Student: 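Right, I'll just put the structure down here and ask away after.
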Amino acid sequence: MTVRVRFAPSPTGHLHVGSARTALYNWLFARNRGGVFILRSDDTDTERSEVEYHEDILSGLRWMGLDWDEGLEVGGPHGTYRQSDRLDRYRQAAEELVAAGHAYYDLATPEQLEESRKAAQSENRSPAYRGEYRGEGVVPGKPIRFAMRRPHATEFEDLVRGSVRFDHDDVDDFVILRSDGTPTYHLASTVDDVDFGITHVVRGEDILPSTPKHIALTTALGAPPATYAHLALINGPDGKKLSKRHGHTSLRAYREMGYLPEAISNYLAILGWAPGPDEEIVSLDTMVERFDLADVSRNPAVFDLAKLEWMNGVYIRAMAVPDFVGRSLPLAEAGLGRTLDAGERTLFEAVAPLIQERAKLLTEVPEQTRFLFTDPIEYDPGSWDKVMTKPEAVVAVEGAIARLDALSDWSTGSIEEALRGMLDEHGLSAGKGLQPIRVAVTGSSVSPPLFESLEALGRERSLARLQEAAGRLRA
RNA sequence: GCCCCCAUCGUCCAGCGGCCUAGGACGCCGGCCUUUCAAGCCGGCAACACGGGUUCGAAUCCCGUUGGGGGCACCA
């Protein structure tokens with residue numbers, strides 16, 4: 001049987017990195033098995049759903065390199081993959097379930113419901129609600145609940161958790177159709193999974209406790225239950241569910257911070273799964289080859305930003321230079337607020353490889369290249385205080401002016417030779433003597449390699465900056 | 001309160017009864033290289049939560065304890 005999986009986010013927020021990983025695992029599983037990956041929108045919560053989020057989710061998935069075979073913007077045999085378009089289907093299903101005796105209109109008032117829950121709790125029983133106030137015919141203004149079979153239990157083999165069992169005494173008779181006639185998540189999601197022929201439901205562990213409800217519903221709908229796989233959640237450094245207070249949680253945020261999609265998908269995949277012993281830098285293709293839900297870890301993983309950063313650096317260094325230029329040039333231009341002309345582009349291309357070797361984030365490129373395109377240079381106050389207040393600063397800067405001014409061949413090699421001569425002349429170490437020149441020319445104590453930077457900047461601008469710094473030092 | 005899930009270095013993962021004096025990666029510490037910052041190279045610190053079983057033999061299987069996480073909506 002062909003594997004059919006689905007990723008079914010609710011457009012009630014930006015695509016969360018945890019959801020992104022769920023999507024990735026679904027996709028990997030489908031691709032590994034030669035199956036079908038379906039993208040659906042679980043937007044039954046019309047209050048909180050927004051188009052902006054809907055689009056964020058689609059673009060996030062595409063950015064990661066995931067594609068889908070059926071569903072949103074692709075279509076397929078089911079016409080629509082948006083739950084808000086299928087409201088009639090869900091209502092009809094709910095009514096059929098009532099007719100078949102699997103569900104009932106709940107006549108209870110909110111007070112009676114509350115009372116029932118309190119009673120259970122005070123008796124140290126599970127507060128599972130049993131719907132003591134049933135109505136059979138159509139009762140407008142009342143919600144429909146699914147009647148869990150009791151006494152009974154649901155037991156199933158979860159692909160990642162193994163055998164799981166829930167006693168129905170601990171499971172609510174849950175609402176499937178709200179009193180306003182709209183479906184709840186349980187109904188809509190299950191009906192869709194049945195209608196779309198989903199064979200494997202791969203989702204977060206947070207809905208593991210709802211699984212007996214979904215299995216009961218599926219069976220009542222007359223379909224064989226899907227195989228389930230519940231993924232452990234991603235936690236913050238404190239071991240609690242990853243949330244805003246740990247930093248950024250949306251995929252978009254990482255994208256904007258300068259992370260590469262290859263690094264993100266690789267890191268997310270590694271968080272709870274190993275492509276092989278002692279191997280963790282792997283392409284999407286390799287992941288597809290090796291992925292299996294049975295190998296996914298059962299314990300929750302802590303999101304480690306430091307490791308993500310390291311991995312991003314690995315991917316940046318692995319890029320072909322033109323590719324690096326292509327991806328980082330727009331960032332540099334955005335940082336400057338203008339486009340670069342042909343000459344400036346050449347400068348950018350000259351220093352880009354030097355930055356590529358040392359950057360962990362693409363967003364480091366604008367700050368590292370700024371000195372090439374901004375006149376007059378802005379000095380970083382911290383760097384100035386740290387370097388230019390030292391006694392050797394004046395000597396080094398003025399020595400550099402003298403040597404470089406006399407230089408006939410303006411190339412990295414000659415510049416290095418000239419400046420090293422200056423260091424010797426004044427008895428300065430490279431560490432001490434070159435830093436003031438770096439600050440004078442780039443504005444910062446952290447920059448691409450100095451001699452190359454000087455060559456790129458050109459004689460005239462380099463000397464002007466050294467003069468400018470010398471003037472400030474004298475003042 | 002009730003239910004469920006989980007448990008190997010600080011973090012992620014390997015280990016699926018003997019190959020384990022427990023391996024890799026990130027991070028951290030020290031060193032080398034070095035014009036800053038990185039990168040690279042070398043070395044180091046660091047874990048099987050605890051208690052019972054099962055077995056000739058347990059990180060690996062079973063039970064319990066403890067600890068952590070998730071869920072208990074007319075939200076998904």
Side-chain angles (χ1 to χ4, degrees), chain A residues 8-10 12-13 42-45 47-49 106 110 113 117 120-129 142-145 158 161-162 164-167 169-172 174-180 182-186 188-189 203-212 230 232-233 235 237 239-241 267 270-281 297-311 313-314 317 354-360 364 368 383 387 416 419-420 423 429-435 437-439 442 444-453:
Chain A
S10 295
T12 54
D42 280 14
D43 61 346
T44 51
D45 184 359
E47 291 288 303
R48 297 192 299 148
S49 293
D106 187 2
L113 216 165
R117 295 214 135 92
Q121 195 151 332
S122 67
E123 290 165 41
N124 266 12
R125 265 172 35 220
S126 166
Y129 178 66
K142 289 293 179 186
I144 296 179
R145 279 184 192 274
D158 188 289
R161 323 220 73 89
V164 182
R165 181 195 158 90
F166 287 90
D167 195 303
D169 283 340
D170 301 317
V171 183
D172 269 329
F174 55 104
V175 171
I176 56 177
L177 201 74
R178 302 188 187 104
S179 48
D180 67 358
T182 61
T184 61
Y185 157 74
H186 299 301
S189 175
R203 45 154 57 161
E205 193 189 7
D206 50 339
I207 23 196
L208 181 59
S210 293
T211 306
H230 288 92
L233 270 20
N235 291 155
K240 308 256 193 253
K241 185 154 60 169
Y267 180 68
I270 289 312
L271 215 52
W273 174 69
D278 306 345
E279 194 181 358
E280 37 189 23
I281 301 285
S297 170
R298 288 176 304 283
N299 32 338
V302 172
F303 191 82
D304 184 2
L305 195 61
K307 185 151 186 175
L308 208 209
E309 263 193 22
W310 163 79
M311 193 170 272
V314 170
R317 273 172 261 129
L354 303 173
I355 296 166
Q356 184 180 358
E357 283 175 39
R358 56 205 87 225
K360 285 199 160 124
E364 288 169 38
Q368 291 283 298
S383 297
V387 176
E416 173 163 10
L419 290 181
R420 288 202 187 279
L423 294 176
S429 69
K432 290 200 169 209
L434 261 23
Q435 277 303 80
I437 303 173
R438 184 187 307 280
V439 172
T442 70
S444 170
S445 59
V446 177
S447 81
L450 183 58
F451 311 129
E452 286 86 342
S453 296

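Keep in mind that this is a model prediction, so the values were computed, not measured. To find a chain, count down the sequence lines: A is the first, B the second, and so on, and within it residues start at 1.
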Student: If you check the Lys307(A) side chain, which of C26(B), G23(B), C5(B) turns out closest?
Tutor: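 Comparing C26(B), G23(B), C5(B) against the side chain of Lys307(A), the answer is C26(B).
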Student: In whole angstrom, what separates Ile281(A)'s CD1 from C12(B)'s P?
Tutor: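 Answer to the nearest Å: 18 Å.
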Student: Between G44(B) and U34(B), how far apart are the P atoms? Round to whole Å, please.
Tutor: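 Result for the P pair: 24 Å, nearest Å.
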Student: Looking only at the side chain of Asn124(A) (C-beta and beyond, no hydrogens), which of the listed nucleotides C4(B), A25(B), G1(B) gets closest?
Tutor: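 My answer, after comparing the listed nucleotides, is G1(B).
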Student: Indicate yes or no: does Arg358(A) engage Glu364(A) in a salt bridge with an N to O separation below 4.0 Å.
Tutor: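 A salt bridge is absent here (no side-chain N lies under 4.0 Å from a carboxylate O).
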Student: Sort out the partner of C50(B) for me: Watson-Crick or G-U wobble, both distances under 3.5 Å, none otherwise.
Tutor: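 Base partner found: G64(B).
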Student: Counting heavy atoms from C-beta on, name the nucleotide in A14(B), C3(B), A76(B) closest to the side chain of Arg48(A).
Tutor: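 Per side-chain heavy atoms of Arg48(A), the pick is A76(B).
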Student: Applying a 3.5 Å limit to both distances, which nucleotide forms a Watson-Crick or G-U wobble pair with G23(B)?
Tutor: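 Paired with C13(B).
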Student: Measure from CG on Asn299(A) to P on A7(B) and round the result to the nearest Å.
Tutor: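 Atom-to-atom, Asn299(A) to A7(B), this comes out as 5 Å.
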Student: Which is true for Ser297(A) with a 4.0 Å heavy-atom rule: it touches a base, it touches only sugar-phosphate, or it touches nothing?
Tutor: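 Ser297(A): backbone/sugar contact only, no base atoms under 4.0 Å.
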Student: What distance, rounded to whole Å, do you find between the two P atoms, one in C16(B) and one in A22(B)?
Tutor: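 16 Å, rounded to whole Å.
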Student: How close do Val302(A) and Tyr267(A) get, heavy atom to heavy atom, and via which atoms?
Tutor: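 In this case the closest contact between Val302(A) and Tyr267(A) is O-OH, 3.9 Å.
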Student: How far apart are the closest heavy atoms of Arg438(A) and Val446(A), and which atoms are they?
Tutor: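 Nearest pair, atom of Arg438(A) first, then Val446(A): CD-N, 4.4 Å.
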Student: Expressed in whole Å, how much space separates the C1' atoms belonging to C6(B) and A38(B)?
Tutor: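 It works out to 39 Å between them.
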Student: Encode nucleotides 69-74 of chain B as B, S and - characters from 5' to 3', where the letter depends on protein heavy atoms closer than 4.0 Å: B to the base, S only to sugar-phosphate, - to neither.
Tutor: SSS-SB
Student: Among G24(B), C13(B), G10(B), which nucleotide has an atom closest to any side-chain atom of Asp304(A)?
Tutor: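 Closest nucleotide among those given: G10(B).
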Student: Contact between Thr44(A) and Thr182(A) at the side-chain level, heavy atoms closer than 4.5 Å - yes or no?
Tutor: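 No, side chains not in contact.
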Student: Let me know the distance between CD of Glu280(A) and C1' of U11(B), rounded to the nearest Å.
Tutor: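 Atom CD in Glu280(A) sits about 11 Å away from atom C1' in U11(B).
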Student: Just how far, in rounded Å, is C1' of G24(B) from CD of Glu279(A)?
Tutor: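 Interatomic distance, CD of Glu279(A) to C1' of G24(B): 11 Å.
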Student: Once you apply a heavy-atom cut-off of 4.0 Å, does His186(A) come out as touching a base, just sugar-phosphate, or nothing?
Tutor: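 Contact class for His186(A): base.
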Student: When the P atoms of C72(B) and U65(B) are considered, how many whole Å apart are they?
Tutor: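 The answer is 25 Å between these two P atoms.
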Student: Under 6.0 Å from the NZ atom of Lys432(A), do we count more than 12 heavy atoms belonging to anything else shown?
Tutor: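 No, not enclosed.
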Student: Rounded to whole angstrom, note down the P distance from C4(B) over to G64(B).
Tutor: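 It comes out at 12 Å once rounded to the nearest Å.
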Student: Do any side-chain nitrogens or oxygens of Arg298(A) fall under 4.0 Å of OP1 or OP2 in C5(B)?
Tutor: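 For C5(B), OP1/OP2 do not have a side-chain N/O of Arg298(A) under 4.0 Å.
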Student: Distance between the C1' atoms of A46(B) and C37(B), in whole angstroms?
Tutor: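 About 28 Å, rounded to a whole number of Å.
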Student: What are the two closest non-hydrogen atoms of Asp169(A) and Ala128(A), and how far apart are they?
Tutor: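 Heavy atoms only, the tightest pair is O-CB, 3.2 Å.
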Student: Atom CZ of Arg165(A) and atom C1' of C3(B): how far apart are they, to the nearest Å?
Tutor: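 Roughly 13 Å, once rounded to whole Å.
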Student: Applying a 4.0 Å non-hydrogen cut-off, can you work out what Gly272(A) is touching in the nucleic acid: base, sugar-phosphate, or nothing?
Tutor: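 Sugar-phosphate, backbone atoms only, no base.
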Student: Can you tell me how far C1' of G1(B) sits from CD of Gln121(A), to the nearest Å?
Tutor: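 Distance, rounded to whole Å: 5 Å.
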Student: Is there a side-chain contact between Arg298(A) and Asp158(A) (heavy atoms, below 4.5 Å)?
Tutor: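 Of all side-chain heavy-atom pairs linking Asp158(A) with Arg298(A), none is under 4.5 Å.
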Student: Using a 4.0 Å heavy-atom cut-off, write out nucleotides 33-40 of chain B from 5' to 3' as B (base contacted by protein), S (sugar-phosphate only) or - (no contact).
Tutor: --BBBBSS
Student: Restricting to non-hydrogen atoms, name the atom on Val387(A) and the atom on Gln435(A) that form the minimum distance, rounded to 0.1 Å.
Tutor: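 Smallest interatomic distance, heavy atoms only, reads CG1-C, 3.7 Å.
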Student: Using whole Å, what does the distance between atom P of nucleotide U11(B) and atom OH of Tyr267(A) come to?
Tutor: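 Tyr267(A) atom OH is separated from U11(B) atom P by 12 Å.
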Student: Could you check whether atom CD of Glu123(A) has more than 12 heavy atoms from other residues, nucleotides or ligands sitting under 6.0 Å from it?
Tutor: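 Counting neighbours around CD of Glu123(A), more than 12 heavy atoms of other residues, nucleotides or ligands fall under 6.0 Å, so yes.
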Student: Shortest non-hydrogen contact from Ser453(A) to Pro449(A)?
Tutor: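 Heavy atoms only, the tightest pair is OG-O, 2.7 Å.
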Student: Here's a test of your reading of the structure: between Pro277(A) and Val164(A), which maps to the more 5' nucleotide of RNA chain B?
Tutor: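 Looking at the nearest nucleotide for each, Val164(A) comes out on the 5' side.
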Student: Considering all heavy atoms of both residues, which atom of Ile270(A) and which atom of Met311(A) are nearest to each other, and what is their separation?
Tutor: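 Looks like CG1-CE, 4.5 Å.
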Student: When you compare A49(B) with C41(B), how far apart are their C1' atoms, in angstrom units rounded to a whole number?
Tutor: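 These two C1' atoms come out 37 Å apart once rounded.
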Student: Return the nucleotide paired to A59(B): Watson-Crick means purine N1 to pyrimidine N3 with N6-O4 or O6-N4, wobble means G-U with N1-O2 and O6-N3, both under 3.5 Å.
Tutor: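 The base-pairing partner of A59(B), which may sit in any strand shown, does not exist here.
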Student: Using atom CZ of Arg125(A) as one end and atom P of G1(B) as the other, report the distance to the nearest whole Å.
Tutor: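 Whole-Å distance recorded here is 17 Å.
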Student: Using the P atom on both, measure C45(B) against C3(B) and round to a whole Å.
Tutor: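 Here C45(B) and C3(B) have their P atoms 46 Å from each other.
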Student: Return the pairing partner of C41(B) with a 3.5 Å limit on both distances, Watson-Crick or G-U wobble; otherwise return none.
Tutor: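 Paired with C41(B), as far as the under-3.5 Å criterion goes, is G31(B).
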Student: Looking at Asp172(A) and Arg117(A), does any basic side-chain N land under 4.0 Å from a carboxylate oxygen?
Tutor: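 The answer is yes: the pair qualifies as a salt bridge.
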Student: Go ahead and name the base partner of G1(B); Watson-Crick or wobble counts if both distances stay under 3.5 Å, otherwise write none.
Tutor: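 Across any shown strand, G1(B) pairs with C72(B).
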